[in-house]
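Letters A, B, ... mirror the listed sequences (proteins, then strands); counts begin at 1.
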2 protein chains.
Amino acid sequence: MNVERPRTRIQKKNRETILDAALAVFSAEGFRGATLDQIAETAGLSKPNLLYYFASKEAIYSELLSTLLDTWLDPLRALDEAGDPVDEIVGYVMRKLQMSRDMPRESRLFAQEIVQGAPRILEQIEGPLRRLVDDKAALVTRWIDTGRIAALDPYHLIFSIWATTQHYADFNTQVCSILKPEGDAHMDDAATFLSAFYRRALDPRQL
Amino acid sequence: MNVERPRTRIQKKNRETILDAALAVFSAEGFRGATLDQIAETAGLSKPNLLYYFASKEAIYSELLSTLLDTWLDPLRALDEAGDPVDEIVGYVMRKLQMSRDMPRESRLFAQEIVQGAPRILEQIEGPLRRLVDDKAALVTRWIDTGRIAALDPYHLIFSIWATTQHYADFNTQVCSILKPEGDAHMDDAATFLSAFYRRALDPRQL
DNA sequence: CGTCCTCCTGACCATTTGGTCAATATTCTC
DNA sequence: GAGAATATTGACCAAATGGTCAGGAGGACG
């Protein structure tokens, strides 16, 4: 089974089942911490069966990463030059926060990969991701130059958005330990905070 | 060797050597990814010798975490009610950023532990850390109530500071991949950005 | 110099884990 | 429903890994 494109419906279903189980296990345990047995059990399949669909543990992991990275960047892609600059960026922040709420496993998966030096997706980061960021940073610079937004380094602005929004997925344990109620009730508070925060920081008036 | 306090100078030296090597390996590979052999080699000691000084891999890891957490919180502790509110918070941001620059291994160690649900320091987070944060959040609230700083949720404000500053240590690989020059030259840019960013967001005038 | 205590190591062990394979079961196609 | 293609599994393997242990070095101290 060195196949790339699934040919039968069983293949499609099982590959999806495996990838979903792998996402759960890898995001919770990291690459090294996850075991094929765990993934197999989560998926409800036998270990040799996993290896019938994927060549190796690494193959599962790599396919996960590259499949998800694309989705992960959608919110940034949607940044639109035509809209109001401040609204656009605040909108991006909200979309990214929504993603942390809806896809915390994906967020943690990337977080762990990158913390460890991104050994398996460095290429994707230096290629597509970097190009996208360069593109959007140029857009922000245009907004700055026309005085429609505060003059703040666009790259570091984007980093700050990644950091503040992904924090709620990646460090959810810590957030919940400090904010009394469990659950993601505080996600709404986070949205309120970040919205006001970025609106204040970006407003071109003042100072 | 179930000793807690080192008694001889050899003990003290070797325990330090081991903890330093462990910090390097654990922060780069995570708890599960790190091996005793790696730590032993990094420390220049034999594996059985490690286990002469520490009861187990877990024991090394736990001692590392609890030793470092205290230092990690110093910047927040220094937040001073007597100073100018905006300057105090910006100062906190700068101290925290400095820590990400000087102690990236420690930052990554905590990051990985918390991403995985903080299984081994949850107690410390729910106890001392939470108390400290509650304390400082109350201080920020006082500043808000007297109109000396913008009205922003103090807990989420603190989270945003952790997120934005630690980002430069934890996701350093990504930052370097997007910002052309390697090295930590961009740490200065980060300081400039964060300083301006928080100053704008916190200024009590406007809006 | 002898002896006690600390320090260190080679050899070894049990378990875990990624991965293989031949054989069997299931599904698909005509 | 026969036969080919696809799917699944139990049994097994080699390497890695956390940890043990008996015994040997090495230093401190009388």
Side-chain angles (χ1 to χ4, degrees), chain A residues 1-65 112-113 116 119-120, chain B residues 1-65 112-113 116 119-120:
Chain A
M1 173 69 49
N2 40 10
V3 176
E4 307 82 43
R5 295 287 98 200
R7 304 234 160 268
T8 79
R9 72 193 74 162
I10 292 182
Q11 258 174 59
K12 194 183 174 194
K13 189 196 66 173
N14 280 351
R15 286 178 67 96
E16 274 172 16
T17 303
I18 291 168
L19 287 173
D20 188 66
L23 173 59
V25 177
F26 280 134
S27 69
E29 315 279 352
F31 178 75
R32 293 284 310 262
T35 73
L36 287 178
D37 291 281
Q38 260 180 111
I39 297 172
E41 189 181 347
T42 304
L45 297 171
S46 69
K47 182 167 63 169
N49 207 4
L50 289 201
L51 295 162
Y52 171 70
Y53 289 104
F54 292 90
S56 66
K57 184 184 177 184
E58 281 242 8
I60 303 178
Y61 187 76
S62 294
E63 175 141 344
L64 250 191
L65 282 180
Q112 300 200 59
E113 170 69 11
Q116 299 195 359
R120 308 161 214 264
Chain B
M1 173 70 46
N2 39 11
V3 176
E4 306 83 41
R5 295 289 96 200
R7 303 236 160 266
T8 80
R9 72 193 76 161
I10 293 182
Q11 258 174 60
K12 195 181 173 193
K13 191 196 65 174
N14 280 350
R15 287 178 65 96
E16 274 172 17
T17 303
I18 292 168
L19 287 174
D20 189 67
L23 174 59
V25 178
F26 280 133
S27 69
E29 314 278 351
F31 178 76
R32 292 285 310 262
T35 72
L36 287 177
D37 291 281
Q38 261 179 112
I39 297 172
E41 189 182 349
T42 305
L45 298 171
S46 69
K47 182 166 64 167
N49 208 5
L50 289 201
L51 295 163
Y52 171 72
Y53 288 104
F54 291 91
S56 66
K57 184 185 178 185
E58 281 243 6
I60 303 176
Y61 187 75
S62 294
E63 175 141 345
L64 251 191
L65 282 181
Q112 300 199 58
E113 170 70 10
Q116 298 195 359
R120 305 159 218 265

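The phosphate of D/dT9 has neither OP1 nor OP2 within less than 4.0 Å of any side-chain N or O from A/Tyr52. Contact annotation: B/Ser46 does not reach the phosphate of C/dC8 (side-chain N/O to OP1 or OP2, under 4.0 Å). In this structure, A/Gln11 does not reach the D/dT6 phosphate: none of its side-chain N or O atoms is under 4.0 Å from OP1 or OP2.
Taking the side-chain hydrogen bond (donor to acceptor under 3.5 Å, both in side chains) definition, one finds that A/Glu29 meets it with nothing, sequence neighbours left out. For A/Glu58, the salt bridge (charged side-chain N to carboxylate O under 4.0 Å, His left out) partners at least two apart in sequence or on another chain are A/Arg120.
Among the atoms of the strands shown, none is found under 4.0 Å from any heavy atom of A/Ala40. As judged by a 4.0 angstrom heavy-atom cut-off over every strand, B/Ala59 is placed among residues making no nucleic acid contact.
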Could you give the side-chain donor-acceptor pairs of residues 18-26 of chain A under 3.5 Å, partners two or more places apart or in another chain?
from    : atom 1 : to       : atom 2 : distance (Å)
A/Asp20 : OD1    : A/Arg105 : NH2    : 3.3

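Counting only residues at least two apart or on different chains, the salt bridge (Lys or Arg N to Asp or Glu O under 4.0 Å) pairs with a member in residues 39-55 of chain B are B/Asp37-B/Lys47.
The closest donor-acceptor contact from the side chain of B/Gln112 to the backbone of B/Ser27 lies under 3.5 Å.
From A/Tyr53, atom OH reaches atom OG1 of A/Thr17 across 9.0 Å, with rounding to the nearest 0.5 Å. Separation of atoms CG (A/Leu36) and CG (A/Leu45) is listed at 12.0 Å; rounding is to 0.5 Å. Taken to the nearest 0.5 Å, the CD1 atom of B/Ile60 stands 5.0 Å off from the CD1 atom of B/Ile39.
Between A/Asn49 atom CG and D/dG10 atom P there is a gap of 10 Å when expressed in whole angstrom units. Rounded to an integer number of Å, the gap from CG of A/Leu50 to P of C/dC21 is 17 Å. When rounded to the nearest whole Å, the span between NZ of A/Lys13 and P of C/dT26 equals 14 Å. The nearest whole Å value for the distance from the CD1 atom in A/Ile60 to the C1' atom in C/dT17 is 14 Å. Taking atom CZ of residue A/Phe54 and atom P of nucleotide C/dG19, one finds them 13 Å apart after rounding to whole Å.
Annotation for A/Arg15 and A/Phe54: closest pair NH2-CE2, 3.6 Å, computed over non-hydrogen atoms.
Mapped onto DNA chain C by nearest heavy atom, B/Asn14 and B/Arg32 fall at different nucleotides, with B/Asn14 at the one closer to the 5' end.
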Protein-proximity profile, nucleotides 19-30 of chain D, B/S/- by nucleotide at the 4.0 Å heavy-atom cutoff, equals BBB---------

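Within residues 16-31 of chain B, no residue is approached by DNA chain C to less than 4.0 Å at the level of any non-hydrogen atom.
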